[in-house]
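Reading through the structure tokens given below for one structure.
Both backbone and side-chain heavy atoms feed into the values below; hydrogens, waters and symmetry mates do not. Numbered from 1 within each chain, the chains take letters A, B, ... in sequence-line order. The structure presented is a predicted model; accordingly, all values stated were derived computationally and were not measured.
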Number of protein chains: 2
Amino acid sequence: MKISLVAGEPSGQVCTDCAIRQFSLCAALDKAELRELEHLGRHIHFASCETVFAQEEMTSSFYNLMEGVMRLYKLLPDGRRQIVGFSLPGDFLGLAASARHSLSADAIGAVTVCRFSKVPFARFIEDKPHLLRRINELAVRELSQAQDHMVLLGRRSAEEKVATFLIGWRDRLVQLNGPSTTVALPMSRQDIADFLGLTIETVSRTFTKLERDRVIGIMPGSVSLLDPARAEAMAAA
Amino acid sequence: MKISLVAGEPSGQVCTDCAIRQFSLCAALDKAELRELEHLGRHIHFASCETVFAQEEMTSSFYNLMEGVMRLYKLLPDGRRQIVGFSLPGDFLGLAASARHSLSADAIGAVTVCRFSKVPFARFIEDKPHLLRRINELAVRELSQAQDHMVLLGRRSAEEKVATFLIGWRDRLVQLNGPSTTVALPMSRQDIADFLGLTIETVSRTFTKLERDRVIGIMPGSVSLLDPARAEAMAAA
DNA sequence: CGTAAAATTGACCATTTTCAACCTCGGTGG
DNA sequence: CCACCGAGGTTGAAAATGGTCAATTTTACG
């Protein structure tokens with residue numbers, strides 16, 4: 001996948017005005033720290049399907065997702081893909097256990113990130129216990145989500161997987177944008193399949209079945225949850 | 001120094017003599033801090049199948065696993081179980097995103113843990129950036145393992161799952177005890193099945209097939225890796 | 001509009017599950 | 001000492017869920 005040639009401009013907006021600050025890492029920072037951080041971050045835009053970082057690449061930066069949606073995935077040598085998560089504004093990306101990324105991240109639709117070079121950012125956080133605790137909090141929350149997803153992948157039927165995905169995705173969108181009857185699905189059916197450990201055909205069939213059962217209405221780029229209670233029941237079961 | 005998979009007598013409560021310190025959280029601490037920590041931790045023994053903490057229970061402690069093996073799992077309301085990981089000596093348990101545990105942990109065989117009450121431990125770490133960074137490191141490593149396991153659960157065949165499990169488990173044991181031709185499997189077939197998202201029958205059949213193919217030798221409580229290269233190839237593929 | 005990509009649908013197939021029977025081994029009590 | 005018991009494990013046959021392959025429809029976009 002191509003890498004954007006567009007250079008990052010200085011962040012243009014000040015951190016104190018940042019729309020997603022409350023959802024992000026930066027919620028833990030005071031005014032002075034935010035002013036310091038402004039000098040470290042650069043806003044960068046990525047077009048649809050551009051790769052922000054890739055599996056095996058050296059880690060050089062951390063990213064705060066500002067706008068858009070990203071997919072995080074791992075590839076097996078033979079090309080099989082598992083999407084381990086979708087990122088929304090406020091999510092912090094780039095933490096890795098080693099010096100190389102263990103997964104790839106690319107844009108689903110246009111994306112803006114706030115990029116921090118690794119070394120300066122590491123220096124910035126190293127003696128800020130409140131920020132370290134905040135990063136911990138985010139890491140532990142992600143770990144918990146990962147464990148929930150393992151249950152889904154290992155122990156749920158196709159229908160349960162799709163219902164659980166729709167409910168979980170709706171909840172995340174509600175968190176950001178407030179309640180809504182329709183659930184935007186910017187990712188492709190293939191993305192959903194690779195997230196749920198299914199094939200695209202099974203995802204499609206399951207959507208169709210849920211529509212026949214009047215649980216959802218299918219529209220291009222979104223679904224409407226006609227019977228949220230039924231969907232939630234399938235997701236809980 | 002050999003790390004036992006079965007609990008024996010604690011070698012004393014002195015952190016500086018702790019056999020698993022190098023593998024644990026405590027590797028980040030200096031002598032003074034270790035002496036302080038000694039007053040916070042208590043060794044506790046659990047018999048086989050006893051629960052150390054359970055899903056939905058209030059979090060009250062953190063645990064450093066000293067001896068033995070534990071399974072970490074989540075249950076669906078209808079009883080389906082997904083084991084999200086096995087813990088070995090040195091692993092740190094009890095981090096949770098909320099005030100309640102999101103998973104259950106119980107002993108496979110006899111276990112010794114070093115228990116830290118939540119509040120004093122939180123106070124101990126709160127202004128120790130090096131320790132916070134160490135906890136981060138452990139959390140990120142666990143997250144990375146979780147992501148690897150998602151790939152396994154979502155995208156691998158039964159045979160690949162079993163081979164990947166055996167190789168991964170062997171590598172963890174080698175890390176602790178040094179090289180060995182036989183791989184101890186203290187967990188039951190049902191545990192392995194619930195870890196790999198399979199049924200016990202499929203696990204059993206796959207073991208048998210690997211034995212027929214002269215990749216492994218099956219013994220009660222362990223397997224020997226007759227053809228590690230073949231097994232590794234299956235795990236990588 | 002017209003074309004290519006994405007999504008859906010259908011028919012068939014394979015892997016894994018389900019259900020059931022049967023070993024194996026260790027412990028227990030006659 | 002040995003027969004019995006039960007838990008854990010293995011094996012077999014049938015069923016089913018989801019996958020594969022192929023054709024068709026729908027959508028996005030120049």
Side-chain angles (χ1 to χ4, degrees), chain A residues 1 47-49 69 71 76 78-83 108-110 152-166 183-213 216-223 234 237, chain B residues 47-49 71 76 78-83 108-109 152-166 184-213 216-223 234 237:
Chain A
M1 254 148 261
S48 195
C49 292
V69 182
R71 63 182 154 246
L76 289 174
D78 63 1
R80 282 175 289 179
R81 184 178 72 157
Q82 176 67 45
I83 292 184
I108 296 175
L152 177 143
L153 290 170
R155 286 295 176 232
R156 303 191 90 118
S157 68
E159 192 173 72
E160 290 172 337
K161 284 178 176 181
V162 170
T164 305
F165 164 68
L166 289 174
V183 181
L185 296 177
M187 69 291 286
S188 70
R189 293 288 190 271
Q190 186 63 63
D191 288 339
I192 297 174
D194 287 346
F195 183 56
L196 300 179
L198 298 170
T199 60
I200 185 175
E201 293 94 334
T202 299
V203 170
S204 186
R205 277 186 252 273
T206 307
F207 270 74
T208 304
K209 176 170 190 307
L210 290 176
E211 183 168 54
R212 266 203 317 273
D213 297 350
I216 63 172
I218 302 176
M219 299 125 80
S222 68
V223 298
M234 289 176 186
Chain B
S48 194
C49 293
R71 64 182 153 247
L76 289 174
D78 63 2
R80 282 175 288 179
R81 184 177 71 156
Q82 177 66 45
I83 291 184
I108 296 175
L152 177 144
L153 291 170
R155 287 293 177 234
R156 304 192 88 122
S157 69
E159 192 174 70
E160 289 172 337
K161 284 178 177 183
V162 169
T164 305
F165 164 68
L166 290 175
L185 296 177
M187 69 291 286
S188 70
R189 293 289 189 271
Q190 185 63 62
D191 287 339
I192 298 173
D194 287 345
F195 183 56
L196 300 179
L198 298 170
T199 59
I200 185 175
E201 294 94 333
T202 300
V203 170
S204 184
R205 276 186 252 274
T206 307
F207 269 76
T208 305
K209 177 170 189 305
L210 291 176
E211 183 168 55
R212 266 203 316 273
D213 296 350
I216 63 172
I218 300 176
M219 298 126 80
S222 68
V223 298
M234 288 177 187

Spacing between Leu198(A) atom CG and dA7(C) atom C1', to the nearest angstrom: 16 Å
Spacing between Gln190(A) atom CD and dA7(C) atom C1', to the nearest angstrom: 11 Å
Between P of dA7(C) and CD1 of Ile192(A), the distance in whole Å: 8 Å
Side-chain touch Phe207(A)/Leu185(A), heavy atoms, less than 4.5 angstrom: yes
Touch class at under 4.0 angstrom, heavy-atom based, for Thr202(B) against every strand present: base
Euclidean distance, Ile83(B) CD1 relative to Ile108(B) CD1, rounded to 0.5 Å: 6.5 Å
Rounded distance in Å - CZ (Arg212(A)) to P (dT8(C)): 13 Å
Any donor-acceptor N/O pair, Thr206(A) side chain to Thr202(A) backbone, under 3.5 Å: yes
Sugar-phosphate, base or nothing in reach of Ser204(A), heavy atoms under 4.0 Å: base
Sugar-phosphate, base or nothing in reach of Gly221(B), heavy atoms under 4.0 Å: nothing
Met187(A) CE to dA6(C) P, straight-line distance once rounded to whole Å: 15 Å
Value in whole Å for how far the P atom of dA16(D) lies from CD of Glu201(B): 16 Å
Distance-only donor-acceptor test, Arg205(A) side-chain atoms vs dT20(D) base atoms, 3.5 Å: yes
Whole-Å gap separating C1' (dG9(D)) and CG (Leu185(B)): 14 Å
Atom of Ala163(B), atom of Met234(B) and distance for their closest heavy-atom approach: CB-CB, 3.5 Å
Rounded distance (Å) that lies between atom P of dG9(D) and atom CG of Asp191(B): 9 Å
Test item: Arg155(A) and Glu160(A) side chains (from C-beta on) under 4.5 Å apart, heavy atoms: no
Pro220(A) side-chain proximity, nearest of dA7(C), dT16(C), dA28(D): dA28(D)
Below 4.0 Å: OP1/OP2 of dG18(D) and any side-chain N or O of Thr199(A): no
